[in-house]
Amino acid sequence: MNAIERKRYILDELQRNGSVVITDLAERIQVSSMTIRRDLNAMAEDGMVTLEHGGAVLNNGSLFECSISFKSEINAAEKKRIAAKCMEYINEGDSIFLDTGTTPNELAMLLRGKRNISVLTHSLLVANTAATMRNIKLIMCPGEFRENSMGFLGPLTDDFIQCFQIDTLFLSLEGIDLNDGISVVDVQDGHTKKVLVEKAKRVICMADHTKFNKSFFYKIAPITDVDLVVTDTGLDEATQELFRQNNIPLALV
């Protein structure tokens, strides 16, 4: 088990039980206690856990947010499949908006084969990825930089977005829930996403299965404002059925 797989296993255990014990993890994964302690120290630096004697406790309140570097490591294969599926919803002549986040950036990497599309974004990751693609028109939003989003947010961003027609918004988020809608941790990030949802003709959520049945501090919009949710086959059958019963379209990959 490599470092990324180990961190994912630890995170799964934390989300399942709320806390972990170093010696138990070391025995299950068959690595040294020192290795587990290093992993937990790194997760504590990212604000994911609080260390305690012999283990750690998950920070899982509505203000909890992983760092962008950790997000890029988690569910990487699922994010690539979600991005590939989203390519089916981009047509020649479209104007699309790619949100901040690691999954929209995976989509940006696939755009080289597209022609005659305009890409708007406030994501530094997406802008860097698409900067050398001569086949697309790239438009970067201004604003105040937020490191955890790796993007530009705030009133300047919101006002700039109002100047454009957006055919399809590819939206990332922290939580998606039938009752609480779609949500994120940061208020400024959430408000910019809210403006985007209101402006776009079509809203496609890019959400791996770990984002479901979770709610965070800032509510962007009710789930009914979303036209399609693209997720992975790791989503449990019960949640899939609830979404179908409530007429929320799902695409699973």
Side-chain angles (χ1 to χ4, degrees), residues 1-20 25 28-29 39-40 42-43 46 48-49 56 58-62 64-89 98-110 125 169-185 193 203-216 220-221 223-224 226-253:
M1 188 179 291
N2 62 34
I4 293 173
E5 291 169 337
R6 209 166 53 241
K7 285 182 181 179
R8 182 172 178 177
Y9 180 87
I10 293 171
L11 183 59
D12 286 344
E13 288 296 304
L14 283 162
Q15 290 177 330
R16 188 179 299 112
N17 302 312
S19 63
V20 291
L25 286 173
R28 287 187 216 169
I29 302 175
D39 290 340
L40 290 175
M43 295 170 80
D46 285 338
M48 297 180 61
V49 301
L58 179 67
N59 297 329
N60 62 353
S62 64
F64 167 67
E65 182 179 17
C66 296
S67 69
I68 197 76
S69 60
F70 190 83
K71 290 175 184 176
S72 67
E73 296 177 352
I74 298 300
N75 299 322
E78 289 87 343
K79 290 172 182 177
K80 289 181 186 295
R81 297 203 305 271
I82 290 168
K85 180 66 177 178
C86 286
M87 285 288 286
E88 298 178 13
Y89 305 102
L98 298 188
D99 195 9
T100 54
T102 54
T103 313
N105 190 48
E106 290 290 344
L107 177 56
M109 294 178 189
L110 302 176
L125 294 177
L169 164 64
F170 293 95
L171 182 71
S172 69
L173 40 84
E174 299 294 336
I176 179 168
D177 183 84
L178 281 173
N179 295 320
D180 295 332
I182 51 177
S183 59
V184 291
V185 171
K193 292 179 193 294
V203 178
I204 296 179
C205 280
M206 309 175 76
D208 68 66
H209 69 277
T210 64
K211 305 290 181 70
F212 284 76
N213 303 318
K214 292 182 180 178
S215 301
F216 290 86
I220 300 164
I223 193 67
T224 49
V226 174
D227 297 293
L228 176 67
V229 181
V230 182
T231 188
D232 61 271
T233 52
L235 185 63
D236 63 273
E237 290 287 346
T239 300
Q240 291 181 40
E241 183 57 30
L242 281 173
F243 270 69
R244 292 189 193 101
Q245 289 174 4
N246 286 271
N247 298 313
I248 308 299
L250 285 176
L252 282 83
V253 291

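Computed from heavy atoms alone, side chains included, the values below leave out hydrogens, waters and symmetry copies.
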Quiz item: If you measure from CD on E174 to OG on S215, what distance do you get to the nearest 0.5 Å?
Solution: 12.0 Å
Quiz item: Taking only residues two or more places apart in sequence or in another chain, which ones pass side-chain hydrogen bond (donor to acceptor under 3.5 Å, both in side chains) with R81?
Solution: none
Self-check item: CG-CE distance between L228 and M206, expressed to the nearest 0.5 angstrom
Solution: 10.5 Å
Practice problem: Find out whether F216 and V184 are in side-chain contact, i.e. whether some heavy atom of one side chain is under 4.5 Å from a heavy atom of the other. | Solution: no
Quiz item: Just wondering, do T103 and V230 contact through their side chains at under 4.5 Å, heavy atoms?
Solution: no
Self-check item: Test side-chain contact (heavy atoms from CB on, under 4.5 Å) applied to I182 and I223, step by step
Solution: CA-CA 6 Å; I182 51 177; I223 193 67; 4.2 Å; yes
Exercise. With rounding to the nearest 0.5 Å, note down the distance linking CG in D39 to CD1 in I29.
Key: 7.5 Å
Exercise. Not counting sequence neighbours, which residues clear side chain to side chain contact (heavy atoms under 4.5 Å, CB included) with M109? List them please.
Key: N105, E106, T129
Quiz item: So how far is it from K80 NZ to T102 OG1, rounded to the nearest 0.5 Å?
Solution: 10.0 Å
Self-check item: Separation between CG of L252 and CG of D232, rounded to the nearest 0.5 Å
Solution: 7.5 Å
Quiz item: Between V20 and L40, does a side-chain contact (heavy atoms from CB on, under 4.5 Å) hold up when you go through it step by step?
Solution: CA-CA 10 Å; V20 291; L40 290 175; 4.2 Å; yes
Quiz prompt | Partners passing salt bridge (Lys or Arg N to Asp or Glu O under 4.0 Å) against K193 (at least two apart in sequence or in another chain) | solution = D99, D189
Quiz item: For S183, what residues pass the side-chain hydrogen bond (donor to acceptor under 3.5 Å, both in side chains) criterion, not counting sequence neighbours?
Solution: none
Quiz item: Considering all heavy atoms of both residues, which atom of T231 and which atom of A207 are nearest to each other, and what is their separation?
Solution: OG1-O, 2.7 Å
Quiz item: Can you name the residues that form a ring-ring contact (aromatic ring centres under 6.0 Å, His included) with F243, not counting sequence neighbours?
Solution: F212
Self-check item: Any side-chain heavy-atom pair of T210 and E78 under 4.5 Å
Solution: no
Quiz prompt | Closest heavy-atom pair and its distance - S172, G101 | solution = OG-CA, 4.1 Å
Quiz item: L235 versus L250: any side-chain heavy-atom pair under 4.5 Å?
Solution: yes
Quiz item: Looking at residues at least two apart in the chain, or sitting in another chain, which of them share a side-chain hydrogen bond (donor to acceptor under 3.5 Å, both in side chains) with D227?
Solution: none
Exercise. Just jot down the side chain to side chain contact (heavy atoms under 4.5 Å, CB included) partners of N246, sequence neighbours excluded, or say none.
Key: L178, I248
Exercise. Enumerate the residue pairs fulfilling salt bridge (Lys or Arg N to Asp or Glu O under 4.0 Å) with a member in residues 243-253, sequence neighbours excluded, ordered by first and then second residue.
Key: E241-R244
Exercise. Specify the closest pair of heavy atoms between V253 and I82, including all atoms of both residues, with the distance to one decimal.
Key: CG2-N, 3.7 Å
Exercise. With sequence neighbours excluded, tell me which residues meet side chain to side chain contact (heavy atoms under 4.5 Å, CB included) with A84.
Key: L110
Exercise. Can you sort out the partners of N179 under side chain to side chain contact (heavy atoms under 4.5 Å, CB included), two or more places apart, ordered by chain and number?
Key: D177
Self-check item: Atom pair NZ/CG of K7 and L14 - distance to nearest 0.5 Å
Solution: 13.0 Å
